[in-house]
There are 4 protein chains.
Amino acid sequence: MTAPVPPAGEERRRDRDRTRADILDTAAAEFAERGFDGARVDEIAARTRTTKRMIYYYFGGKKQLYMEVLERAYARIRAAEQTVSVGHLDPLTAIRRIAEVTFDHHEANPDFVRLVSTENIHNAEHVAEMTGLVRVNTPAILLLDEILARGREQGIFRDDIDAIDVHMLISGFCFFRVANRHTFRAIFGRDLVDPARREHYRKMLGDLVVDHLTALG
Amino acid sequence: MTAPVPPAGEERRRDRDRTRADILDTAAAEFAERGFDGARVDEIAARTRTTKRMIYYYFGGKKQLYMEVLERAYARIRAAEQTVSVGHLDPLTAIRRIAEVTFDHHEANPDFVRLVSTENIHNAEHVAEMTGLVRVNTPAILLLDEILARGREQGIFRDDIDAIDVHMLISGFCFFRVANRHTFRAIFGRDLVDPARREHYRKMLGDLVVDHLTALG
Amino acid sequence: MTAPVPPAGEERRRDRDRTRADILDTAAAEFAERGFDGARVDEIAARTRTTKRMIYYYFGGKKQLYMEVLERAYARIRAAEQTVSVGHLDPLTAIRRIAEVTFDHHEANPDFVRLVSTENIHNAEHVAEMTGLVRVNTPAILLLDEILARGREQGIFRDDIDAIDVHMLISGFCFFRVANRHTFRAIFGRDLVDPARREHYRKMLGDLVVDHLTALG
Amino acid sequence: MTAPVPPAGEERRRDRDRTRADILDTAAAEFAERGFDGARVDEIAARTRTTKRMIYYYFGGKKQLYMEVLERAYARIRAAEQTVSVGHLDPLTAIRRIAEVTFDHHEANPDFVRLVSTENIHNAEHVAEMTGLVRVNTPAILLLDEILARGREQGIFRDDIDAIDVHMLISGFCFFRVANRHTFRAIFGRDLVDPARREHYRKMLGDLVVDHLTALG
DNA sequence: AATGAATGAGGCTTCATTCAT
DNA sequence: CATGAATGAAGCCTCATTCAT
C-alpha cells in the first residue's frame with residue numbers, strides 16, 4: 001500500500017546538514033589558519049562545495065559562523081574527555097590518564113588550539129556570548145574534583161590545589177606546546193611537537209602533575 | 001627673543017627617535033589588542049602624534065612595523081631576565097627565582113603575551129625572519145643550563161629534563177595564565193589573573209618546577 | 001469527532017482571498033513605511049501568516065504587489081468620497097463638506113499619503129500602467145464640477161477656477177499637512193497633525209476654499 | 001625675491017572643493033531621482049569625475065552624503081527667499097511677493113521637492129539630526145511674521161492665522177504642484193507644471209492667500 | 001495549489017598603500 | 001625631511017527571485 005515514495009523531506013534535510021557540515025569544516029580550518037580577522041569569507045566559500053551565499057543563508061554571517069565553529073570545537077574536546085572512564089582507577093593513575101587524554105587531544109587538534117588562541121585575542125567575547133559552554137565544560141572539572149577528593153582521602157594528594165588549578169596546569173602545558181610551537185622553534189630551535197619528543201613530553205606532563213600533587217605542599 | 005640656533009642634526013635625530021618610539025608604542029598596543037589582521041594602520045596613526053604617512057615613511061608598511069614591535073617586545077623581556085643575578089644562589093633557589101621573574105614579567109606585560117599569541121597564529125613567520133632573536137634569547141637558556149648543571153652535580157636534580165624543557169614548563173605556565181585568561185574565565189568562572197590568587201599561582205609554579213626537578217624521575 | 005467535509009472549492013477560494021488580503025495589508029504597511037525601494041519582500045513575508053513564496057505565487061513579484069497595494073489604496077479613498085452625498089446641499093456647504101471629507105480621509109490614512117509620495121518619486125510609472133485608476137477617480141472631479149456649476153449659476157463662485165483646480169487645492173492642503181509633517185516639525189517645530197490643531201486646520205481649509213471661490217477673481 | 005611659486009595648498013583645496021561639489025551635484029540628482037534607498041552609490045560615482053572611493057573619502061558614506069545634499073538644498077531655498085526685500089512693500093504686495101518667490105523656487109527646483117518628499121518617507125530622521133536647519137529656516141518665518149503684524153495693524157488681515165500657517169499654505173500649494181505632478185497627471189490628465197498653466201497657478205496662489213488673509217475670518 | 005531550499009547579482013564599505021608636492 | 005590627498009583592490013553582506021518537488 002505504502003509506495004516507496006522518496007522521503008523528500010528527509011533527504012533534503014540530509015543535504016542541508018551535509019552542506020552545513022561542509023561549510024563548518026572548511027571554516028574551522030580557515031579560522032584556525034588565519035584567525036578571525038585574517039579569515040576570508042570568500043576563501044571559505046571557495047574551499048566549499050557551495051557558494052558564499054550559502055554561508056549567509058545557513059549561518060547569517062562571518063561572526064555567527066565563527067561562533068558555531070568554536071562551539072563545535074569545544075564540544076568535541078569535552079566529548080573526548082568523557083570517553084575516558086577513570087572511576088575504577090586509583091587517583092594517581094586516573095590523573096595521569098586525564099593528563100594523557102588532554103595531551104593527545106591537543107596534539108591531535110591543533111586547530112582547536114589555534115581557535116582558542118584567536119578567541120583570546122578577542123577577549124573571549126564570542127565565548128562569553130555562548131551560554132551553554134559552561135555546561136559543556138563543567139564535567140571536566142567535576143571529574144577532576146572527584147579524583148582529587150579520593151586522593152586526598154587516601155592521604156596521597158596535597159590539598160592546596162583544586163580541580164580548576166589542576167585543569168589549568170594540564171591544559172596550559174598541552175596548550176602551550178601546540179600553540180607556541182612556532183615561536184618556540186624559531187627562537188630556541190626546538191620543535192615541541194616533534195614526534196621524536198612526543199613520549200618525553202607526554203611522560204613529563206604526567207610526572208609533573210603527580211610530582212606536584214604528591215609533594216608535601 | 002633670540003631663539004637658540006637649533007643644533008640641526010642632533011635635534012632632528014632626536015625628533016625622529018621620539019616619533020618612531022611614539023609610533024612603536026601605539027602600534028604595540030594596537031597589535032596586542034587586535035592581532036595583526038585586526039589592527040588598523042589608520043587607528044595606529046590616529047592614536048599617534050604624527051600621521052599615517054609617517055608610518056610608511058619610517059617603517060615601510062604594516063608588516064615591518066609589526067616586526068619592529070615584536071622584536072622590541074622580545075628584547076625587553078630578555079633584558080628583564082638578564083637583570084636577575086642568580087649565580088650566587090643555590091640551584092633550587094635560583095630556579096625558583098627565575099620562575100618568579102618570568103611569572104612577574106608575563107603578568108606585567110600582557111601585551112607581550114598577546115603579541116606572541118598573534119605571532120603564533122601566523123606560524124611565527126615574522127619571528128623566523130628576525131635573525132637577531134635567537135641571539136637575544138639564548139642567554140635565558142644558558143642561564144638555566146648552568147643552574148641545572150649545578151643541581152645535577154649536587155645530585156638534587158633529575159637529569160632527564162634539559163634547560164629548554166624547564167624554560168618551556170615555566171613559560172607555558174606563565175603564558176597560559178595570561179593568554180587564555182579570557183576563555184578560562186568565561187568557561188570555568190575563574191579569573192587566573194585575579195590579584196587575590198596571584199601569590200597562590202606564583203608559589204604553585206615554583207613548587208611545581210622544584211617538585212618535578214627534584215623527584216626521582 | 002467527525003470533521004465536516006470541507007466544501008473544497010469555496011473554502012479554498014476563501015482561504016486564497018484571506019491570504020491575499022493578509023499579504024496586501026502587510027505590504028501596504030511596509031511600502032508606506034519604507035517606500036518601494038526601502039520595503040523588503042522578506043520583511044513583508046515575515047509579518048504575514050504565509051511565506052515569501054506565496055507572495056510570488058499570488059502576485060508575481062514585488063512590483064506587482066506594490067501595484068495592487070496602490071490600486072487598492074486609491075479605490076478606498078474614492079469609495080470614501082462617494083459615500084458623501086452633497087447633491088442636496090447648497091454649493092458653499094457642499095464644497096466645504098468635500099473639503100472636510102478629504103481632510104478627514106488624509107488624516108485617517110497617512111499610509112495612503114505615503115504611498116502616493118512614494119509613487120511620485122517613481123514618476124507615477126506604476127499608476128500610469130494602472131488603466132482603471134482614471135475611471136475610479138473621475139467621479140470626484142465630476143462631483144466638484146457639478147457643485148461649481150451650481151455656484152456659478154447662483155453668481156456666488158468665480159469662474160476662473162475649475163474642478164480640477166479646486167481638487168488640487170484641497171488635496172494639496174490635506175496632503176502636505178500629512179506628507180510633510182515630519183520635515184515641517186523638525187524645521188519649524190510645529191506638528192501639523194497635532195490633534196489640538198486639527199479643528200483649526202480643518203476650518204482653515206474650508207475658509208480658504210470658500211474665500212477664494214467667492215472672491216471677485 | 002619671492003618667486004611666483006604655485007600656491008600649491010590653495011590649488012589643492014580648490015581641486016578638493018571642486019571634486020566635492022561635483023559629487024554633491026551628482027548625488028543630489030541621483031537621490032532626487034530615485035530616493036535614498038533607490039539611489040546607488042555606484043551610479044553616483046559613475047556619473048562623477050572621480051571614483052566611488054572618493055565618496056567615502058569625502059563624505060564617509062551614503063547617508064552622510066545624502067545629508068549634505070539635503071542640507072545644501074535647504075540652504076539654497078532659504079537663500080533665495082532672503083534675496084527678496086519686502087520691507088518697503090505694503091503687506092498685501094509683500095505677501096504676494098513671497099508667494100511668488102516660493103512658487104518660482106519650487107518650480108525651478110523640482111529636485112529639492114523630491115528630496116524633501118524622500119526625507120519625509122524617512123520620517124525626517126536625517127533632518128532631525130541636522131542641527132542648524134532650524135536656524136537656517138527661521139528667517140522665513142520671521143519675515144512672514146513681520147508682514148502679518150503690519151497687516152493686522154492696518155486692520156486688513158485676519159488674526160487667526162499665524163506666520164507658520166501662512167508658510168504651510170504657500171509651501172503646501174507649491175510643493176504639491178511639483179511633488180504630486182506625476183500621479184495627478186496620470187489620474188486627472190492635467191500636468192500641473194505645464195508652462196501654459198504657470199501664470200494661472202502663480203496668480204491663483206497669490207489670490208488664495210490674499211483672499212483668505214483679508215476675509216473676515 | 002503550495003512550499004522549503006537555494007541563489008546570482010549587486011549593494012555598501014574598508015583596507016593598506018602610493019602620489020605629488 | 002615631511003605631508004595632505006588620493007586610490008585600486010578587496011571585504012562582508014543583502015536583495016528579489018527561482019528551483020525542485
Side-chain angles (χ1 to χ4, degrees), chain A residues 5-9 11-13 15-16 19-20 37-45 50-65, chain B residues 8-9 12-13 15-16 19 36-45 50-65, chain C residues 8-9 12-13 15-16 19 36-45 50-65, chain D residues 5-9 11-13 15-16 19-20 37-45 50-65:
Chain A
V5 190
E11 199 163 278
R12 258 195 210 156
R13 180 151 32 79
D15 254 30
R16 183 191 160 87
T19 301
R20 272 185 64 99
D37 294 300
R40 295 289 167 252
V41 175
D42 278 279
E43 179 63 20
I44 294 171
T50 46
T51 68
K52 179 166 55 158
R53 186 62 189 72
M54 284 296 93
I55 291 174
Y56 291 91
Y57 183 64
Y58 281 128
F59 298 94
K62 185 183 184 179
K63 180 178 171 172
Q64 294 97 309
L65 175 58
Chain B
R12 249 191 219 159
R13 180 148 32 80
D15 256 29
R16 179 193 155 88
T19 301
F36 180 78
D37 294 299
R40 297 291 169 248
V41 175
D42 276 289
E43 179 65 18
I44 294 170
T50 44
T51 68
K52 182 164 52 157
R53 194 59 193 73
M54 286 300 91
I55 291 173
Y56 287 87
Y57 189 69
Y58 281 126
F59 298 93
K62 184 183 186 181
K63 181 178 171 174
Q64 294 95 312
L65 175 58
Chain C
R12 249 192 219 158
R13 179 148 35 78
D15 256 27
R16 179 194 155 88
T19 300
F36 179 78
D37 294 300
R40 298 289 168 250
V41 176
D42 277 287
E43 180 63 19
I44 294 171
T50 43
T51 68
K52 182 164 52 156
R53 194 62 192 73
M54 285 300 92
I55 291 174
Y56 287 88
Y57 190 69
Y58 281 126
F59 297 94
K62 185 184 186 181
K63 181 178 172 174
Q64 294 96 311
L65 174 58
Chain D
V5 191
E11 199 163 278
R12 257 195 211 157
R13 180 151 31 80
D15 254 31
R16 183 191 159 89
T19 300
R20 273 186 64 99
D37 294 301
R40 294 290 167 252
V41 174
D42 279 278
E43 179 63 19
I44 294 171
T50 45
T51 68
K52 180 168 52 157
R53 187 62 190 71
M54 285 295 93
I55 292 174
Y56 290 88
Y57 183 66
Y58 282 127
F59 298 94
K62 185 183 186 180
K63 180 178 173 173
Q64 293 97 310
L65 175 58

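Keep in mind that what you see is a predicted model, and the values were worked out from it rather than measured. First the proteins, then the strands, lettered A, B, ... as listed; each starts at 1.
No N or O donor and acceptor, one from the side chain of Arg40(A) and one from the base of dG11(F), sit under 3.5 Å apart.
Closest-nucleotide positions on DNA chain F for Thr51(B) and Asp37(A) were compared, and the one nearer the 5' end corresponds to Thr51(B). Comparing Arg53(C) and Gln64(D) by the nucleotide of DNA chain E that holds the closest heavy atom to each, the one mapping nearer the 5' end is Arg53(C).
Judged by distance alone, the side chain of Lys62(C) and the main-chain N or O of Phe36(C) form a donor-acceptor pair under 3.5 Å.
As a whole-Å value, the separation of Phe59(A) CZ from dT14(F) C1' is 18 Å. Here the P atom of nucleotide dG4(E) and the OH atom of Tyr57(C) are 14 Å apart, to the nearest Å. Look at NZ on Lys52(D): it is 12 Å from P on dT14(E), rounded to the nearest Å. Atoms CG (Asp42(D)) and C1' (dG10(E)) sit 8 Å apart, rounded to a whole Å. Regarding Ile44(C), its CD1 atom lies at a distance of 8 Å from the P atom of dA16(F), rounded to whole Å. Atom OH in Tyr56(C) sits roughly 18 Å away from atom C1' in dA20(F) (whole-Å rounding). Separating the CE atom of Met54(B) from the C1' atom of dT17(E) is a distance of 14 Å, rounded to the nearest angstrom. Between the CD atom of Glu43(A) and the P atom of dC12(F) there is a distance of 11 Å, rounded to whole Å.
Nucleotide dG11(E): paired with dC12(F) (Watson-Crick or G-U wobble, both distances less than 3.5 Å). Base pairing of dA1(E) is not made with any nucleotide, judged by Watson-Crick or G-U wobble geometry with both donor-acceptor distances under 3.5 Å. Shown here, dT17(E) forms a base pair with dA6(F); the pair counts as Watson-Crick or G-U wobble because both key distances fall under 3.5 Å.
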